[in-house]
Amino acid sequence: MAKGYWIARVDVRDAEAYKDYVAANGVAFAKHGGRFLVRGGAYEAVMGQPRSRNVVIEFPSYADALACWNSDLYQAAKAKQRGGVDAEILVIEGYDGPQPNTSEPAPEAGRASE
């Protein structure tokens with residue numbers, strides 16, 4: 001089964017509200033098996049508009065990633081941001097299929113994994 005991920009790009013406008021959110025969100029992530037793969041850190045925007053903060057969270061499955069987003073625990077943590085962020089967040093299914101090699105084309109863009 002493919003894992004699930006949250007991919008978040010964030011600009012924090014209210015640091016105090018964001019601190020409250022960060023202090024509260026870990027309970028929801030832990031309950032749904034989430035673990036940080038990327039949490040801030042150095043980056044270089046090689047294409048497109050960057051945000052100041054980038055986060056990738058891995059979950060055991062896509063269903064777990066969605067369940068975390070929709071959970072009362074996470075929604076309560078998110079409310080603590082009090083509108084203090086601009087963000088794009090994707091909940092996305094991972095890919096468990098074959099990897100590209102020199103004799104095989106990559107999957108078509110926009111197609112969900114099977």
Side-chain angles (χ1 to χ4, degrees):
M1 170 177 15
K3 294 184 178 187
Y5 299 88
W6 286 19
I7 301 172
R9 300 174 55 241
V10 180
D11 284 331
V12 176
R13 289 184 283 108
D14 181 339
E16 288 303 311
Y18 196 73
K19 275 199 279 187
D20 292 344
Y21 160 73
V22 169
N25 67 19
V27 174
F29 297 149
K31 180 176 180 176
H32 294 279
R35 73 183 195 100
F36 288 97
L37 299 180
V38 175
R39 191 174 191 184
Y43 69 92
E44 183 171 331
V46 296
M47 185 174 182
Q49 277 302 117
R51 294 268 187 194
S52 61
R53 186 161 178 77
N54 302 288
V55 178
V56 177
I57 305 170
E58 179 183 72
F59 292 86
S61 70
Y62 178 65
D64 290 318
L66 279 176
C68 183
W69 176 265
N70 292 312
S71 71
D72 291 342
L73 278 172
Y74 182 73
Q75 292 302 313
K78 188 169 145 289
K80 292 177 183 284
Q81 291 176 0
R82 299 184 292 278
V85 299
D86 294 318
E88 291 90 29
I89 301 173
L90 297 173
V91 177
I92 191 166
E93 181 181 34
Y95 177 69
D96 274 347
Q99 295 299 315
N101 61 43
T102 58
S103 63
E104 180 180 301
E108 292 179 36
R111 296 190 70 185
S113 63
E114 301 174 0

Q: Could you tell me how the ring of Tyr74 sits relative to the ring of Trp69: parallel (under 30°), tilted (30 to 60°) or perpendicular (over 60°)?
A: tilted

Q: When rounded to the nearest 0.5 angstrom, what distance separates NZ in Lys31 from OG in Ser71?
A: 7.0 Å

Q: Could you pull out the closest heavy-atom pair between Ala65 and Val91, with the gap in Å?
A: CB-CG1, 3.7 Å

Q: To check you understand the geometry: which heavy-atom pair defines the closest contact between Pro50 and Ala45, and what is its length?
A: CB-CB, 3.6 Å

Q: Within this structure, what is the CG-OH distance for the pair Asn25 and Tyr18, rounded to the nearest 0.5 Å?
A: 7.5 Å

Q: If I take atom CG from residue Leu66 and atom CZ from residue Phe59, how far apart are they, to the nearest 0.5 angstrom?
A: 9.5 Å

Q: Any heavy-atom pair between the side chains of His32 and Leu73 that's under 4.5 Å?
A: no

Q: Please tell me whether Phe36 and Tyr21 are part of a single hydrophobic cluster in this structure, the criterion being side-chain heavy atoms less than 4.5 Å apart.
A: yes

Q: What pair of heavy atoms forms the shortest contact from Ala2 to Glu93, and how long is it?
A: CB-CG, 4.0 Å

Q: For side chain to side chain contact (heavy atoms under 4.5 Å, CB included), just list the numbers for Val38 and Tyr43, CA-CA rounded to whole Å, side-chain angles, deciding distance to a tenth of an Å, and then say yes or no.
A: CA-CA 10 Å; Val38 175; Tyr43 69 92; over 6 Å; no

Q: In this structure, which one of Val10, Val12, Asp86, Val85 forms a side chain to side chain contact (heavy atoms under 4.5 Å, CB included) with Arg51?
A: Asp86

Q: Return the CD to NZ distance between Gln81 and Lys78, rounded to the nearest 0.5 Å.
A: 7.0 Å

Q: Got a second to check how far Arg53's CZ is from Arg39's CZ, nearest 0.5 Å?
A: 6.5 Å

Q: Do Phe29 and Val22 share a hydrophobic cluster, counting only Ile, Leu, Val, Met, Phe, Trp and Tyr and linking them when any side-chain heavy atoms are less than 4.5 Å apart?
A: yes

Q: Are Ile7 and Val55 connected, step by step, through hydrophobic side chains (Ile, Leu, Val, Met, Phe, Trp, Tyr) whose heavy atoms are closer than 4.5 Å?
A: no

Q: As an exercise, state the distance from CH2 of Trp6 to CD1 of Ile92, rounded to the nearest 0.5 Å.
A: 14.5 Å

